[in-house]
Structures are given as C-alpha cells and as structure tokens.
Amino acid sequence: MSRRRIIAGNWKMNKTPSEAVELVNTLKDLVKNDDVDVVYCVPAIDIVPVAEAIKGSNVQLGAENFYIEDKGAFTGEISAPMLKDAGVKYIIIGHSERRDIFGENDILINKKVKKAFASGLSPILCCGESLELREAGVYEEWIRRQIKWDLDGLTADQVSNLVIAYEPIWAIGTGKTATADQAQEVCKLIRDYIAELYDAATAEAVRIQYGGSMNAANAAELLSKPDIDGGLIGGASLKPDFGQIVNA
Ligand code: PGA
C-alpha cells in the first residue's frame, strides 16, 4: 500500500488574521501539488479568514487545539462542532507545547483523539521525547508508552486514519534536526508498535510525520525514508520555504 504524503504547517501562536490572509496568498502558487495533502493548522482566530482565503486551492484547514465538550461553560475554549462548521478537517493533538506548557496529559489527549474521531475531525497526534530521555537511552520506552496511552480504546479503523507526528522535543524550534536515520528509526518503531497493538494492515495504513526544525534544506532527505510519510512544520511553515517542503 502506498501512503499519501501529508505536509502540515503548525503556525503556533503566530499571524494576526490579516497577516494570515497575506501568508496564504504568498504561499498560494508555491504549495500546489495534487499528490500531497497540504494542511495549514492555524490559530483559532485565523480559522475563518484562512478558510475563505484557501477556497478553490489544494490546501486543507487544520486547528491547533480544542476542548472535548461540544458546548457550555468552558470559558476560553473552542469545540469540535465549532471547528467542523468553520471548515476545519485536521486537528493537532498532544503537541509537546500543550503537554509541557499547558499541562495536558495522556488521559486528556486520549479523550481528545476519541472526540476528534467522533466529531469527524482527523487527528494529528504528536509524540516525542525530551533531550534528557534521549540521552538516558530510554526514548523507545517513552514513545511506546505515549502511543499506548494516547491510542487506548481506538479501533483499528480509526488508527488506520490517524496521522502521528514524531517530534523529538530537542529538535523543535532549535534548528537541531534529528538526522534522517534517527527520525526513521523512531517512525519505524511507532509503526512496528502499532502492528503489535493492532495488525499489519493498520500499521501499513497509519501515516507518520516527522517534526522538528524541518526545512527546505533537509526535507527531501527526511521524506525519502520509508516510514516517514510527511512533516509537521513550525517555523518554516511561515515562510516561502514551506512550498519547497511540499514539493520536496
Ligand atoms: P519547528 O516546529 O518546525 O519550528 O521545529 C515543529 C512543531 O513544533 O510542530
């Protein structure tokens, strides 16, 4: 089976609504590629103007966060039905910044993955180890533990439709990319573990991205690896470089 490549930009807390539209227009011709899923995951306030600005293009819309309830007294949160109604397809869940800065744990992340599927959103589930865990040589156990908790209770069919982003925390925003071999090693480990938890067909279907200082210069090598099906791009998604990554 051949998996369709997915290149997603994670804009994080960048771009006001008017800057967002300007960026979409700048990237418009650069990100054209019908063989790749191209996704912009944008701040909540940019969702509506970006949905309008990408109309008629190959770009799909993603969000960076949501809460697990549909509506009610949850000041400051946005819900899956709100995202769906605004045209969002993908949702980033479990990014290391949500885990580390906002205290999201694997129990909440697992609930968010389930809620996303129940609401018709496609999760991009992030996992990854800190530098400490890598240097201590325990990153493999750590990644397996995150995957086990975050996928708990999901069906094989759901996991087949999941995107998992392997993002070593030490490579995020640091300019220190994992080597293509390091990234491939962990992406393969994740796929093998899914084969163990589910079956070979599910492991073949799940799409696995690498994320962490991916840029125009290193994308082609990372994406040439057999278990790396795409990228989750932070800094470089805000620049014309993103077009080069899409077409790497
Ligand atoms: P980066 O961020 O590309 O700026 O390292 C990636 C991410 O955090 O998703």
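One-based numbering, in listed order, for ligands and for the atoms of each.
Some N or O of G235 is nearer than 3.5 Å to an N or O of ligand 1, by distance alone. An N or O contact shorter than 3.5 Å links G173 to ligand 1 by distance. Looking at E97 next to ligand 1, no N or O pair under 3.5 Å apart turns up. Among the atoms of T174, none of the N or O lies under 3.5 angstrom from an N or O of ligand 1.
Side-chain atoms of R207 do not come within 3.5 Å of backbone N or O of I164 as any donor-acceptor pair.
Checked for salt-bridge contact, E104 and R99 miss the test: no charged N lies under 4.0 Å from a carboxylate O. Checked for salt-bridge contact, K148 and D152 miss the test: no charged N lies under 4.0 Å from a carboxylate O. Under the 4.0 Å criterion applied to side-chain N and carboxylate O atoms, D46 and K15 are not assigned as salt-bridge partners. Under the 4.0 Å criterion applied to side-chain N and carboxylate O atoms, E64 and K12 are not assigned as salt-bridge partners.
Under 3.5 Å, the side chains of Y210 and Q182 contain no donor-acceptor pair of N or O atoms. Inspection of the K112 and N65 side chains reveals an N or O donor paired with an N or O acceptor under 3.5 Å.
Near G212, meaning under 4.0 Å from any of its heavy atoms, are these atoms of ligand 1: 5 (O). Every atom of ligand 1 with a heavy atom of K12 under 4.0 Å away is listed here by number and element: 2 (O), 7 (C), 8 (O). Set against the non-hydrogen atoms of L232, the atoms of ligand 1 under 4.0 Å away are 6 (C), 9 (O). Listed by number with element, the atoms of ligand 1 under 4.0 angstrom from any heavy atom of H95 are 7 (C), 8 (O), 9 (O).
Closest of all the heavy-atom pairs between Y198 and T155 is CE2-C, 3.8 Å.
Residue-level proximity to ligand 1 for S96 is absent, since no heavy atom of it falls below 4.0 angstrom. Contacts between N10 and ligand 1, counted as non-hydrogen atom pairs separated by less than 4.0 Å, involve the side chain only.
Partners of Y193 under the ring-ring contact (aromatic ring centres under 6.0 Å, His included) rule, at least two apart in sequence or in another chain, do not exist in this structure.
At least one heavy atom of A171 sits less than 4.0 Å from an atom of ligand 1.
Distance from atom 3 (O) of ligand 1 to its nearest protein heavy atom, with residue and atom name: G234 N, 2.8 Å. Scanning all protein heavy atoms for the shortest distance to atom 9 (O) of ligand 1 gives E167 OE2, 2.7 Å.
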